[in-house]
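Notes to accompany the following structure.
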Amino acid sequence: MLDINLFRNQPDTVRASLKARRFAEPQAVDRVLELDSQRRSLLTEAEKLKAERNAASKAISQIKDAAEKQAKIAEQKGLGEKIAALDEQVRQVEADLEALLSGIPNVLDARVPDGEDDAQNVVIKTVGEPKQFPFEPKPHWDLGTSLGIINFEQGVKLTGSRFYVLHGAGARLQRALIAFMLDLHTRRQGYSEAYTPFIVKGETVYGAGQLPKFKDNLYRDAEEDLYMVPTAEVPLTCIHRDEIVDAASLPFRYSAYTPCFRREKVAAGRDVRGIKRGHQFDKVEMYSFTLPEESDNELERMREDAEQTCAELGLTYRVKQLCSGDVGFCARMTYDIEVWAPGQNEWLEVSSVSNCGDFQARRANVRFRRSREAGAKPEFLHTLNGSGLGLPRTMIAIMENYQQADGSIVVPEPLRLWMGGIDVIR
RNA sequence: GGAGGGAUGGCUGAGUGGUCGAAAGCGGCGGUCUUGAAAACCGUUGUGGGGCCUUGCCUCACCGGGGGUUCGAAUCCCUCUCCCUCCGCCA
């Protein structure tokens, strides 16, 4: 959610950002201003009548003479209905304004390069070289099925397409990755480990900016009106909802493992093979709450933390800065990290690190106070999120990069602690 | 699932349908005192919206959420949510 004052004071900033994003309804800015001015004139009118009513009520309470009192009360009859009618109009305008505002994306950071879509994202660095093999490297779906560690048929049997079952060393490899990442984030990178509910209320999803806009991508339990989390970012954003925290206690840094559930209504034939794009996948997430002036640095820090994860796993990766047409709804600026998958012969997005500024904090109402002195006003803090790597794609990269000519897979050194003596999956 | 009890400011906790945005205490902040600190004392201390002769003042709303009764609601009614106690069931 953007600050209404931004529309009042700098409408051109918002217009320019929407244009750069290729936002479908750029006229939304004018509609916001129109509703805002309607709201204010209705409020002025309603409040004038309320002040009148309050004064009259106060006067009535002072009147001793019964007849005089009754006369004054009779005089006031009907005022309530006028007020109620105006209040109803205010409610309507506010609901319209809210609906409109909640669908307008965050204003981009000035440093975001202009571009139409993901084809114009800018590679800012590449670390390592795509690995060369003395044999033809296989895609992970071949490796996984022949080793018996990924079973696609069973996933379809249990649930449907885009689900799978991991077995034996495959399931264990994923568990090792989760443990490795959580330990890295919490013991060496300064995050605090969190375990959150995987099913949350609509207002929690709204706070993180996924509702109302991305309703179609969410799994929902109609009976209880609850949503399955599409990412840990959703519960983590709302951990401090409606709180005012001390500036001195910031930043808050969290790392959480959760499964993620997404309908992923993408084109039917896209990414169907393998475990690249499922309706359920696991992820370890990093999340920070910072002072406004510190979020730019925090974004770089989190990007480095995600890079470190790739580097320690010995994966070749590259960092992209997303162009204006591809930055997500809540974000001001985003880096994607992609790892090289030699079997599929493509770069896989394993992490996306974003600075959301105060956009989510405003929705979730998370604030801080700069000092404890009386009169110090609460301000919205900034939120950032980053994948500490999506697990299926990290699995793909490990399987394809560490494969050997005989179809076996070497377990990367940092994961062996959790592999129960398995150094090579065969 | 059944039966009761509750939800008030950062916290504890009063509150008769009418100067109640709300007593009191604690805490926070500022000050006096002190070499300094503590204690004591004094003052101050919620959030959001709107207006203006815009750093101060006026005004509206907010006592778990929503709705209603009334000239007027923290207070009365309905409803939802959450919490507590007891019984039952249960991984």
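This structure is a prediction, so every number in the text was calculated from the model and none was measured. Heavy-atom basis, side chains included; hydrogens, waters and symmetry copies ignored. Note on naming: letters A, B, ... go to the chains in the order of the sequence lines (proteins, then strands), and numbering restarts at 1 for each one.
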| field | Derivation of the side chain to side chain contact (heavy atoms under 4.5 Å, CB included) call for A:Gln38 and A:Asp96 | value | CA-CA 11 Å; A:Gln38 266 183 46; A:Asp96 290 349; over 6 Å; no
| request: Decide side chain to side chain contact (heavy atoms under 4.5 Å, CB included) for A:Leu391 and A:Phe281; before the verdict, give the C-alpha distance in whole Å, the side-chain angles of both, and the deciding distance to 0.1 Å. | output: CA-CA 7 Å; A:Leu391 288 169; A:Phe281 65 95; over 6 Å; no
| field | Side-chain donor-acceptor contact under 3.5 Å, A:Glu285 with A:Tyr254 | value | no
| note | Atom CD of A:Glu379 and atom C1' of B:rU47 are separated, to the nearest Å, by 15 Å
Please list, pair by pair, any protein nitrogen or oxygen found under 3.5 Å from a nitrogen or oxygen in nucleotides 74-80 of chain B.
none

| request: Please check if atom CD in A:Glu81 has more than 12 non-hydrogen atoms from other residues, nucleotides or ligands closer than 6.0 Å. | output: no
| message | Suppose you measure atom C1' in B:rG72 against the same atom in B:rU16; what distance do you get, rounded to whole Å? | response | 16 Å
Under 3.5 Å, which N/O atoms of the protein pair with N/O atoms of nucleotides 57-61 of chain B?
residue	atom	partner	partner atom	Å
B:rC60	OP1	A:Asn54	ND2	3.1
B:rA61	OP2	A:Asn54	ND2	3.4

| Whole-Å gap separating P (B:rG51) and CG (A:Asn5) | 10 Å
| Do the rings of A:Phe359 and A:Phe329 sit parallel, tilted or perpendicular, given the 30° and 60° boundaries? | perpendicular
| query | Roughly, in whole Å, what's the span from CD in A:Gln76 to P in B:rA73? | reply | 13 Å
| note | A:Lys82 NZ to B:rG72 P, in whole Å, measures 13 Å
| field | Pairwise C1' distance, B:rA14 and B:rU8 [rounded to whole Å] | value | 10 Å
| message | If you compare every side-chain N and O of A:Arg39 against the phosphate oxygens of B:rG50 (OP1, OP2), does one of them come in below 4.0 Å? | response | yes
| task | Evaluate the criterion side-chain hydrogen bond (donor to acceptor under 3.5 Å, both in side chains) for residue pair A:Glu298 and A:His382; output intermediate values, then yes/no. | result | CA-CA 10 Å; A:Glu298 187 75 2; A:His382 281 196; over 6 Å; no
| Of all the nucleotides listed (B:rC71, B:rG50, B:rG46), which has the minimum atom distance to the side chain of A:Leu43? | B:rG50
Nucleotide N/O to protein N/O under 3.5 Å, stretch nucleotides 17-23 of chain B:
residue	atom	partner	partner atom	Å
B:rG18	O2'	A:Ser61	OG	3.4
B:rG18	N2	A:Ser57	O	3.2

| field | A:Arg367 side chain near B:rG48 phosphate (N/O to OP1/OP2, under 4.0 Å) | value | yes
| request: Could you give the distance separating B:rG9 and B:rA61 at their C1' atoms, to the nearest angstrom? | output: 16 Å
| message | Between A:Lys48 and A:Glu52, does any side-chain N to carboxylate O distance fall below 4.0 Å? | response | no
| What integer number of Å spans the C1' atoms of B:rA91 and B:rG4? | 28 Å
| Runs of at least three consecutive pairs that involve RNA chain B, where pairs are Watson-Crick or G-U with distances under 3.5 Å | B:1-7 with B:81-87, B:10-12 with B:24-26, B:27-32 with B:40-45, B:46-51 with B:57-62, B:64-68 with B:76-80
| Looking at residues at least two apart in the chain, or sitting in another chain, which of them share a salt bridge (charged side-chain N to carboxylate O under 4.0 Å, His left out) with A:Asp12? | A:Arg15
| remark: To the nearest angstrom, the CD1-P distance between A:Ile244 and B:rU45 comes to 17 Å
| request: Determine, stepwise, if the pair A:Glu300 / A:Tyr335 fulfils side-chain hydrogen bond (donor to acceptor under 3.5 Å, both in side chains). | output: CA-CA 9 Å; A:Glu300 303 306 317; A:Tyr335 294 114; 2.8 Å; yes
| Roughly how far apart, to the nearest Å, are B:rA23 and B:rU47 at atom P? | 16 Å
| query | Taking CZ from A:Arg363 and C1' from B:rG48, how many angstroms apart are they, rounded to a whole number? | reply | 19 Å
| request: Answer yes if the side chains of A:Asn385 and A:Ser354 hold a donor-acceptor pair under 3.5 Å, and no otherwise. | output: no
| request: In whole angstrom, give the distance that lies between atom CG of A:Asp87 and atom C1' of B:rG66. | output: 15 Å
| Salt bridge flag under 4.0 Å for residues A:Arg188 and A:Glu312 | yes
| task | Determine the interatomic distance between P on B:rG68 and the same-named atom on B:rC57; round to the nearest Å. | result | 36 Å
| query | Would A:Glu400 and A:Lys276 pass as an ion pair if we require N to O under 4.0 Å? | reply | no
| A:Glu47: partners by side-chain hydrogen bond (donor to acceptor under 3.5 Å, both in side chains), with sequence neighbours left out | none
| field | P-based separation of B:rA73 from B:rC20 [nearest Å] | value | 15 Å
| According to a strict under-4.0 Å criterion, is A:Arg8 in side-chain N/O contact with OP1 or OP2 of B:rG50? | yes
| message | Using the P atom as the point on both nucleotides, what is the distance between B:rA22 and B:rG10, in whole Å? | response | 15 Å
| message | I want to check one thing: is the phosphate of B:rG46, taken as OP1 and OP2, less than 4.0 Å away from some side-chain N or O of A:Lys377? | response | no
| Length of the CG-C1' vector between A:Leu97 and B:rG49, whole Å | 13 Å
